[in-house]
Amino acid sequence: MSQPIPKIIHQTWKTDDLPDDYSRYRKTVRRNHPDWQHRLWTDADNRQLIQDHYPWFLTTYDGYKHNIERADAIRYFILLHHGGVYLDLDMECLKPIDPLIEEGDLHFSLLAGPAIHNTVIGNALMAAPRGHAFFAYLTTMLPRLMKRDVTFSDVFNNTGPDMLTRQIRQCEHMFTFNIIGLDKVCDRCVLHEHPSLPGKSLDTVRAEKLLHFIHHGTNTWNIQHPAPNVPINGFVLFENHDIHGFDIDYVDYEQGDYGKIAEAALQNQKAIAFNYNGYVKGRGGLLEPRGSDDNWVRPGIIPWVCVKAEVAAELRMSTQADRSETGRLGP
């Protein structure tokens, strides 16, 4: 017999001060769930939960290189400790969640993108009773699951949807999972491909309440900065280019604070460059053209990479030679 899921919706943000979009989406959740309790967890609240109740995890929690890893991990601990529903702040609610979680005690929604056929089990919407054994297992596994911690692909594998999908598949013989389909919760970026919504605009989906939730996928964790507008000592700037792969470090730096990541690259003998989203690049990569129309690149950002001056000419020559052999277009 399934345990009851407490009628509490958990959401997380850095502070109590929400961006306008998130505040608006949260109002749609509250409007459709007037008899539910709503809890907004801040970064300080999150760390306090770990420190007070799961101190064995604090070193791992503090040690994650990406803030999104802490944001991923804490949602599993919140559901373990309190039960209820975890919901990302970029979820717009059109209809109550109650019918989606009536049967069973473990509920997860699919995550799709950039194409509707490319899906994993996401952690943007999850529901469970308090103290459920799956989340007890998952939280104890987190420190063992981290292999690398540099790229955002590592994030997906360490704490995010790829990790969750693997663990659910491995535990299917132990627990019954209800996977909520894209006909109930769908990512905005694939609405135009949705076979059940042919030709339906976003406004129509909203007006006719054709989904329970629209996942807007704002990806605030995907921090990207414009190119530096002054020369960085010791580096050559290449706009509309990047070095694919060969990520050897990650630096969480603020816009304008290019010195922080430049210093990390200069101090690392294996490093040859750093780029717009905080990656320090190692030897072996090619300098390749990259446009703003790439699915990964945030609106308003032109991809760029700063290459150490002593290897910039060598890297450019290597890239040009590679293009002559493969037929790639030059810059």
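Count residues from 1 along the sequence. Owing to the predicted nature of the structure, the values given are computational and were not obtained by experimental measurement.
- Atom CZ of Phe235 sits about 6.0 Å away from atom NZ of Lys308, to the nearest 0.5 Å.
- No side-chain heavy atom of Asn157 sits under 4.5 Å from any side-chain heavy atom of Met163.
- Asn123 and Asp72 are linked by a side-chain donor-acceptor pair at a separation below 3.5 angstrom, with hydrogens and angles left out of the test.
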Original post:
How far apart are the C-alpha atoms of Asp90 and His215, what are their side-chain angles, what is the distance that settles it, and do they pass the side chain to side chain donor-acceptor pair (under 3.5 Å) test?
Top reply: CA-CA 6 Å; Asp90 56 4; His215 189 191; 3.1 Å; yes
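- Between the side chains of His66 and Asp252, not a single donor N or O lies within less than 3.5 Å of an accepting N or O.
- Using a 3.5 Å distance cut-off with no hydrogens or angles, the side chains of Gln11 and Tyr22 do not pair a donor with an acceptor.
- Interatomic distance, CG of Leu191 versus CG of Leu202, reported as 6.5 Å (0.5 Å rounding).
- Counting heavy-atom neighbours within 6.0 Å of Lys7 NZ, excluding the residue itself, gives a total above 12.
- Note that the NZ atom of Lys65 and the CG atom of Asn158 stand 11.5 Å from one another [nearest 0.5 Å].
- No side-chain heavy atom of Leu40 sits less than 4.5 Å from a side-chain heavy atom of His10.
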**OP:** Test His81 against Tyr54 for ring-ring contact (aromatic ring centres under 6.0 Å, His included), laying out the working first.
**Re:** CA-CA 10 Å; His81 198 74; Tyr54 307 97; 5.7 Å; yes
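- A donor-acceptor pair shorter than 3.5 Å can be found between the side chains of Asn222 and Gln224.
- Side-chain contact between Ile78 and Trp41: present, with at least one pair of heavy atoms (C-beta onward) separated by less than 4.5 Å.
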**OP:** I would like to know whether Arg283 and Val311 meet side-chain contact (heavy atoms from CB on, under 4.5 Å); could you show each step before the answer?
**Re:** CA-CA 10 Å; Arg283 293 185 180 277; Val311 299; 3.8 Å; yes
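- Using a 4.5 Å heavy-atom threshold, the side chains of Arg75 and Asp88 count as touching.
- The environment of CG in Asp35 is crowded: more than 12 heavy-atom neighbours from other residues, nucleotides or ligands sit within 6.0 Å.
- Checked against the 6.0 Å centroid criterion, the rings of Tyr253 and His225 qualify as a close aromatic pair.
- When side chains are defined from C-beta on, Arg70 does not count as touching Thr159, because their heavy atoms never get closer than 4.5 Å.
- Contact between Gly291 and Val297 at its shortest, heavy atoms only, is O-CG2, 3.9 Å.
- Between Asp247 and Lys281 there is a salt bridge, with a side-chain nitrogen of the basic residue lying less than 4.0 Å from a carboxylate oxygen of the acidic one.
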Subject >> side-chain contact (heavy atoms from CB on, under 4.5 Å) between Leu138 and Leu164, intermediate numbers included >> reply: CA-CA 8 Å; Leu138 186 65; Leu164 182 62; 4.0 Å; yes
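- How far SG of Cys186 is from NE2 of His212: 13.0 Å, rounded to the nearest 0.5 Å.
- Separating the CG atom in Leu89 from the OH atom in Tyr25 is a distance of 11.0 Å, to the nearest 0.5 Å.
- Arg298 places a side-chain N or O within 3.5 Å of a backbone atom of Thr218 that can act as its donor or acceptor partner.
- The environment of CD in Glu172 is crowded: more than 12 heavy-atom neighbours from other residues, nucleotides or ligands sit within 6.0 Å.
- With a 4.5 Å cut-off on side-chain heavy atoms, Tyr137 and Gln167 count as touching.
- Comment: Arg290 engages Asp242 in a salt bridge, judged by a side-chain N to carboxylate O separation of less than 4.0 angstrom.
- Of all non-hydrogen atoms in Phe108 and Ile121, the two that sit nearest each other are CB-CG2, 3.6 Å.
- Checking side-chain atoms of Thr42 against main-chain N and O of Thr15 turns up no donor-acceptor pair under 3.5 Å.
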Subject >> Check against side chain to side chain donor-acceptor pair (under 3.5 Å), Asn67 and Glu69 >> reply: CA-CA 5 Å; Asn67 286 330; Glu69 290 173 290; over 6 Å; no
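- Atom CD of Glu254 has 12 or fewer neighbouring heavy atoms from other residues, nucleotides or ligands inside a 6.0 Å radius.
- Nearest heavy atoms, Leu106 versus Thr176: CB-O, 3.8 Å.
- Taking the centre of each ring, Tyr61 and Phe77 stay at or above the 6.0 Å mark.
- Minimum heavy-atom separation, Tyr76 to Gly160: OH-O, 4.2 Å.
- A ring-centre distance under 6.0 Å is not found for Trp221 and Tyr64.
- Ring geometry, Phe175 versus Phe134: the interplanar angle exceeds 60°, so the pair is classed perpendicular (tilted spans 30 to 60°).
- Listed here is the closest heavy atom pair of Arg130 and Pro6: N-CD, 4.3 Å.
- Arg166 and Gln170 are not linked by any side-chain donor-acceptor pair at a separation below 3.5 angstrom, with hydrogens and angles left out of the test.
- Between Glu92 and Arg24, no side-chain nitrogen of the basic residue sits less than 4.0 Å from a carboxylate oxygen of the acidic one, so the salt-bridge criterion is not met.
- No donor-acceptor pair closer than 3.5 Å links the side chain of Asp105 to the backbone N or O of Pro4.
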**OP:** Check step by step if side-chain contact (heavy atoms from CB on, under 4.5 Å) holds for Ile116 and Leu182.
**Re:** CA-CA 9 Å; Ile116 198 165; Leu182 298 177; 3.7 Å; yes
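- Judged by distance alone, with hydrogens and angles left aside, the side-chain atoms of His194 form no donor-acceptor pair with the main-chain N or O of His192 at under 3.5 Å.
- Checked by atom type and distance alone, the side chain of His132 never pairs as donor or acceptor with a backbone atom of Ala127 at under 3.5 Å.
- To the nearest 0.5 angstrom, Leu237 atom CG is 4.5 Å from Cys306 atom SG.
- Checking side-chain atoms of Thr139 against main-chain N and O of Phe135 turns up a donor-acceptor pair under 3.5 Å.
- The closest donor-acceptor contact from the side chain of Asn268 to the backbone of Gly282 lies at 3.5 Å or more, if one exists at all.
- Cluster annotation: Leu79 is not connected to Leu125 through the hydrophobic network of ILVMFWY side chains, with a link wherever side-chain heavy atoms come within less than 4.5 Å.
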**OP:** Please lay out, stage by stage, how Leu110 and Val185 fare under the test side-chain contact (heavy atoms from CB on, under 4.5 Å).
**Re:** CA-CA 8 Å; Leu110 287 178; Val185 180; over 6 Å; no
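- Counting heavy atoms from C-beta outward, Val85 and Trp36 have side chains that approach closer than 4.5 Å.
- Listed for the Asn32 side chain is a donor-acceptor partner under 3.5 Å among the backbone atoms of Cys93.
- Under a 4.0 Å N-O distance rule, the pair Glu263/Lys260 does not qualify as a salt bridge.
- When atom types are taken as modelled, the side chain of Asn118 and the backbone of Ala112 share no donor-acceptor pair closer than 3.5 angstrom.
- Residues Tyr279 and Phe152 form a side-chain contact, since some pair of their non-hydrogen atoms from C-beta on lies under 4.5 Å apart.
- For the pair Val305 and Ala273, the tightest heavy-atom approach, listed with the atom from each and the gap, is CG2-CB, 3.8 Å.
- Under a cut-off of 6.0 angstrom, the local environment of CG in Asp52 is crowded, with over 12 non-hydrogen atoms contributed by other residues, nucleotides or ligands.
- Without hydrogens or angle criteria, Asp154 side chain to Val150 main chain gives a donor-acceptor distance under 3.5 Å.
- At most 12 heavy atoms of other shown residues, nucleotides or ligands fall within 6.0 angstrom of atom NZ in Lys270.
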